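Here's the structure we're looking at; comments come further down.
Below, all heavy atoms of this structure are taken into account, side chains as well, without hydrogens, waters or symmetry copies. Being a predicted model, the structure only gives us computed values, none of them experimental. Proteins come first, then strands; the chains are lettered A, B, ... in the order of their sequence lines, and each starts at number 1.
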There are 2 protein chains.
Amino acid sequence: MDDDAVFRALADASRRQLLDRLHRRNGQTLGELCEGLEMTRQAVAKHLAILEEANLVSFKRQGREKLHFINPVPINAIAERWISKFERGRLRALATLKKALEGEEP
Amino acid sequence: MDDDAVFRALADASRRQLLDRLHRRNGQTLGELCEGLEMTRQAVAKHLAILEEANLVSFKRQGREKLHFINPVPINAIAERWISKFERGRLRALATLKKALEGEEP
DNA sequence: CTTATAGGGAACCTATCGGTTACATGTCAA
DNA sequence: TTGACATGTAACCGATAGGTTCCCTATAAG
């Protein structure tokens with residue numbers, strides 16, 4: 001799994017919004033995902049392409065329509081990994097930070 | 001907490017690497033954080049400024065040195081939030097995705 | 001006091017990003 | 001078959017991101 005692609009994909013608010021929309025209703029077409037957004041269809045398609053490249057979204061052709069599906073695996077995997085990575089030592093880091101900001105040595 | 005700032009801060013691999021370094025050893029100076037990186041000190045300082053703006057890193061002046069401390073709160077908060085947000089419905093989304101990719105209707 | 005060290009600040013450069021407009025393709029429906 | 005509809009492709013554009021260079025300030029060390 002490509003961490004970098006996922007982080008870059010999530011860095012844009014419009015793309016996170018698209019994920020939200022798919023989360024609320026999965027399997028939407030490009031046209032549906034465009035509704036109410038202040039962006040051209042082409043811009044939305046580019047965002048979806050980036051989400052697809054990060055494997056956060058998959059799609060399926062259905063006639064002339066393109067149905068988009070959220071892929072919950074990478075986002076959860078990365079979040080879990082980062083949590084477990086920083087969780088060990090989290091309290092210690094917090095204490096260190098607090099002491100430092102108070103002007104003492106940890 | 002500003003989600004957008006955190007996501008944008010995490011989008012860059014160099015900044016994630018800086019967080020890693022601080023995670024391995026907290027309280028490092030700017031100079032220490034520069035060691036071994038193929039970047040100028042100014043570039044590293046810019047990255048740290050972005051991490052500070054996202055509240056992922058705090059610092060403390062000590063004489064002419066600047067000590068950097070990781071702040072574990074926002075990263076965990078966002079990760080937890082995204083996990084809980086997508087966790088409900090995760091299995092359903094996975095099943096939907098699988099069926100779609102197999103060419104059937106969910 | 002002088003000098004080396006740690007960091008700050010600003011101008012500048014280039015690649016990439018987010019977005020647009022214009023046009024092409026493919027598919028459904030009458 | 002003809003036209004409307006859903007999407008794809010490509011050229012282009014302004015803003016921003018990441019990085020550099022050059023110079024300045026402040027603290028420590030001799």
| message | Run the salt bridge (charged side-chain N to carboxylate O under 4.0 Å, His left out) test on B:D3 and A:R16 for me, step by step, so that the C-alpha distance in whole Å, both residues' side-chain angles and the decisive distance to 0.1 Å come before the verdict. | response | CA-CA 11 Å; B:D3 265 37; A:R16 294 199 301 276; 5.3 Å; no
| said: Within a 6.0 Å radius of atom CZ on A:R92, are there more than 12 heavy atoms belonging to other residues, nucleotides or ligands? | reply: no
| said: Quick check: any donor-acceptor pair below 3.5 Å linking the side-chain of A:R41 to the base of C:dG19? | reply: no
| note | B:H68 NE2 to C:dG7 C1', in whole Å, measures 10 Å
| Per the atom types in the model, does the base of D:dG19 pair as donor or acceptor with the side chain of B:Q42 at under 3.5 Å? | no
| said: From CD of B:E32 over to P of C:dT5, roughly how many Å is that when rounded to an integer? | reply: 16 Å
Short heteroatom pairs, N/O only, protein and nucleotides 28-30 of chain C, under 3.5 Å:
none

| query | Mapping A:I50 and B:R61 to their closest nucleotides on DNA chain C, which lands nearer the 5' end? | reply | B:R61
| said: So, OP1 or OP2 of D:dT20: does either fall under 4.0 Å of a side-chain N or O from B:T40? | reply: yes
| Whether over 12 other heavy atoms sit under 6.0 Å from B:E32 CD | yes
| remark: Rounding to 0.5 Å, atoms CG (B:L18) and CG (B:D12) come to a distance of 9.0 Å
| Quick one: CD1 on A:I75 to CH2 on B:W82, what's the gap to the nearest 0.5 Å? | 5.0 Å
| 5'-most by nearest nucleotide on DNA chain C - A:R8 or A:A43 | A:R8
| query | Do the side-chain N or O atoms of A:H47 get closer than 4.0 angstrom to the phosphate oxygens (OP1, OP2) of C:dC17? | reply | no
| said: Measuring from the side chain of A:R15 (C-beta onward, heavy atoms only), which nucleotide among D:dT7, C:dG18, D:dG19 has the closest atom? | reply: C:dG18
| Earlier contact from the 5' end, DNA chain D, for A:K46 and B:E38 | A:K46
| message | When you compare the side chain of B:S14 with that of B:M39, does any pair of heavy atoms fall below 4.5 Å? | response | yes
| remark: note: B:E35, atom CD; C:dG7, atom P; distance rounded to Å ~ 10 Å
